[in-house]
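Remarks on the structure that follows.
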Amino acid sequence: MLTPDQVTVLRDRTLRMLAEVGLRVESDELVQIMLARGGTLHPQTGRVRIPAGLVDELVAKLAPNQWLDDDDQSLHPYCGIDWTHWLMWTGQKEAMRERMQSEFLMSAFDCGPTTYYDYPAGCSRPVDTDIFITMKKLAQATPEIGYISTWYRQDVPRGTERIESLVLALQYTTKVDGIEAIDPAVIKYLVEIGEIMTGVAKDARYLAGSECLTSPLILDHRSAADMLARKAAGVRKYHMCSMPTIGVSSPVTIAASIVLGAAEVLGGLVAAFCLDPEGDLTGRMISTVLDMKYATAASIGPATVLCNLGVKELFDRCWGGHCWVEVFFSPTVKQPGLQAVYENFYGGTAAARVRGEARLPYPGMGTLDNGGLGSPTQLMLDMEIRKGQFA
């Protein structure tokens, strides 16, 4: 996608942004850890400035395993990123790759909706316990579904919802795996559930998720606390994600948004490296763009594809890889049907064109409204299309 000269310019401006502007880290403990490894405080803003030498240390860790990360990423267009991570962390990647040569399987509902589309009523409504249980039964009864996320219930106390939802899901399906902790205090309990279920100490199979940086260049208190809680619980995996809206929380040009997104992912990875140099470190780029017609953030469009893949290309060519990008994140439309099918095909086709590939798998998995809305109706449409491609 990028010429050698463009790579050089974007790389240098990304490094300059980290070295001169720096990362706002909303955790005194993590700030001190980064300063001890070579970061410096900006005298006016208090941001942690990251020198090129510290980036070089991170790259020295990532680059030798870039080939393995590339192999890991080859599975996620078919399985989705969340399921792929779980397969890696539980040692099932190669077995699943072999199984999928002859058996169609897919992930359902990505990382987990908070609302449910009631097709007979023609409206969406918050996820409650009855909807939650029904979706787990759907997954267990559908052979084509290999993985389902834990949806976010709105009718239980927020502080314990993740723990209660995981326990409840395990009563209805064998296909639920890693989930977001949301509250860092929950992490140690999710690890304990893994230990109880498997008998393996520090088994973190039920903890997935990522640390999402806030544009521009902010590692907020929740993400920082999540990182520290992972380290304390012995969960040595950190997935640093940038999710800007182009033209709103990032610059309006694609080149400048690539620089900001790359700086956020790279800065987040450096922070995780300072905290846990031997940890499992990966990045992720998910951009949206301002839809001027409907005044909303949209995943669909050429700008998001170019921004995401531009950041990934910088990492692949300059910083040892380890930056993950979906074929397409999610349709923006808020009801199931052919508009969502079109958006899924558009996203997959656009990514394939930019990457120079003939075709990439249709990415639909039953989610709408940028991933926040789950629809079994859409899932069935998406499943039939994916089965057709598989055949």
Side-chain angles (χ1 to χ4, degrees), residues 76 79-86 106-142 144-158 161-170 172-173 175-183 186 206-210 212 241 243 284 286 288 296-300 326-337 339-341 343-344 347 362-383 386:
H76 81 67
C79 296
I81 287 182
D82 289 332
W83 191 18
T84 298
H85 274 146
W86 186 82
M106 66 177 287
S107 178
F109 306 117
D110 197 42
C111 55
T114 59
T115 52
Y116 163 82
Y117 192 83
D118 186 332
Y119 191 76
C123 65
S124 61
R125 54 193 179 94
V127 173
D128 59 22
T129 299
D130 288 341
I131 293 171
F132 182 95
I133 292 174
T134 300
M135 293 302 100
K136 300 303 165 282
K137 290 181 176 179
L138 170 68
Q140 192 65 18
T142 306
E144 295 90 344
I145 296 177
Y147 168 91
I148 185 171
S149 57
T150 46
W151 291 35
Y152 293 85
R153 292 186 291 159
Q154 310 297 310
D155 61 339
V156 295
R158 182 180 299 178
E161 185 271 332
R162 293 286 75 193
I163 301 170
E164 291 183 15
S165 290
L166 175 58
V167 172
L168 182 63
L170 290 170
Y172 288 95
T173 180
K175 300 176 182 180
V176 65
D177 301 304
I179 70 172
E180 294 262 11
I182 303 300
D183 181 353
V186 169
Y206 295 118
L207 176 64
S210 59
C212 294
C241 180
M243 299 181 68
R284 190 171 182 179
I286 304 173
T288 56
T296 187
S299 293
I300 190 171
E326 279 99 338
V327 171
F328 176 60
F329 183 58
S330 169
T332 301
V333 66
K334 294 177 172 58
Q335 60 276 331
Q339 175 66 25
V341 171
E343 291 189 27
N344 279 317
Y362 176 88
M365 57 181 76
T367 52
L368 305 165
D369 195 12
N370 290 338
L373 176 63
S375 168
T377 306
Q378 187 64 44
L379 176 66
M380 293 300 116
L381 276 171
D382 294 341
M383 182 182 297
R386 292 177 72 138

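One is the number of the first residue; the rest follow in order along the sequence.
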On a heavy-atom basis, which atom in [X] and which in [Y] lie closest, and how many Å separate them?
| X | Y | value |
| --- | --- | --- |
| Val176 | Ser149 | CG2-C, 4.4 Å |
| Thr173 | Ala139 | OG1-CB, 4.5 Å |
| Cys79 | Thr84 | CB-OG1, 3.5 Å |
| Cys111 | Asp82 | CB-OD2, 2.9 Å |
| Pro331 | Ala340 | CG-O, 4.0 Å |
| Lys175 | Asp177 | O-OD2, 3.6 Å |

Point-to-point distance, once rounded to the nearest 0.5 Å, from [atom1] of [X] to [atom2] of [Y]:
| X | Y | atom1 | atom2 | answer |
| --- | --- | --- | --- | --- |
| Lys136 | Ile131 | NZ | CD1 | 11.0 Å |
| Ser107 | Arg386 | OG | CZ | 7.5 Å |
| Trp151 | Ile133 | CH2 | CD1 | 13.5 Å |
| Tyr206 | Thr150 | OH | OG1 | 11.5 Å |
| Asp382 | Leu368 | CG | CG | 8.0 Å |
| Ile145 | Trp83 | CD1 | CH2 | 10.0 Å |

Partner set under side chain to side chain contact (heavy atoms under 4.5 Å, CB included) for Glu144, not counting sequence neighbours
Phe104, Thr142, Met383, Lys387
List the residues meeting side chain to side chain contact (heavy atoms under 4.5 Å, CB included) with Val156, not counting sequence neighbours, and say none if there are none.
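Expected list: Thr129, Arg153, Glu161, Glu164.
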For Tyr147 and Trp86, I'd like to know if the aromatic rings sit close, meaning centre-to-centre distance below 6.0 Å.
no
Taking the side chain as every heavy atom from C-beta outward, state whether [X] and [Y] have any atom pair closer than 4.5 Å.
| X | Y | value |
| --- | --- | --- |
| Lys334 | Tyr117 | no |
| Pro113 | Leu373 | no |
| His85 | His76 | no |
| Thr288 | Met243 | no |
| Leu379 | Leu138 | yes |
| Phe329 | Thr367 | no |
| Tyr116 | Pro376 | yes |
| Met135 | Phe109 | yes |

Taking salt bridge (charged side-chain N to carboxylate O under 4.0 Å, His left out) as the cut-off, I'd like each qualifying pair that reaches into residues 109-119, sequence neighbours left out, listed once.
Asp118-Arg125
Are Thr332 and Asn370 close enough that a side-chain donor and a side-chain acceptor fall under 3.5 Å?
yes
Evaluate the criterion side-chain contact (heavy atoms from CB on, under 4.5 Å) for residue pair Ser375 and Tyr119; output intermediate values, then yes/no.
CA-CA 8 Å; Ser375 168; Tyr119 191 76; 5.8 Å; no
[X] side chain to [Y] main-chain N or O, any donor-acceptor pair under 3.5 Å?
| X | Y | value |
| --- | --- | --- |
| Gln154 | Tyr152 | yes |
| Gln378 | Gly337 | yes |
| Thr115 | Gly372 | yes |

Given side-chain contact (heavy atoms from CB on, under 4.5 Å), test Asp183 with Arg162 step by step and report yes or no.
CA-CA 9 Å; Asp183 181 353; Arg162 293 286 75 193; over 6 Å; no
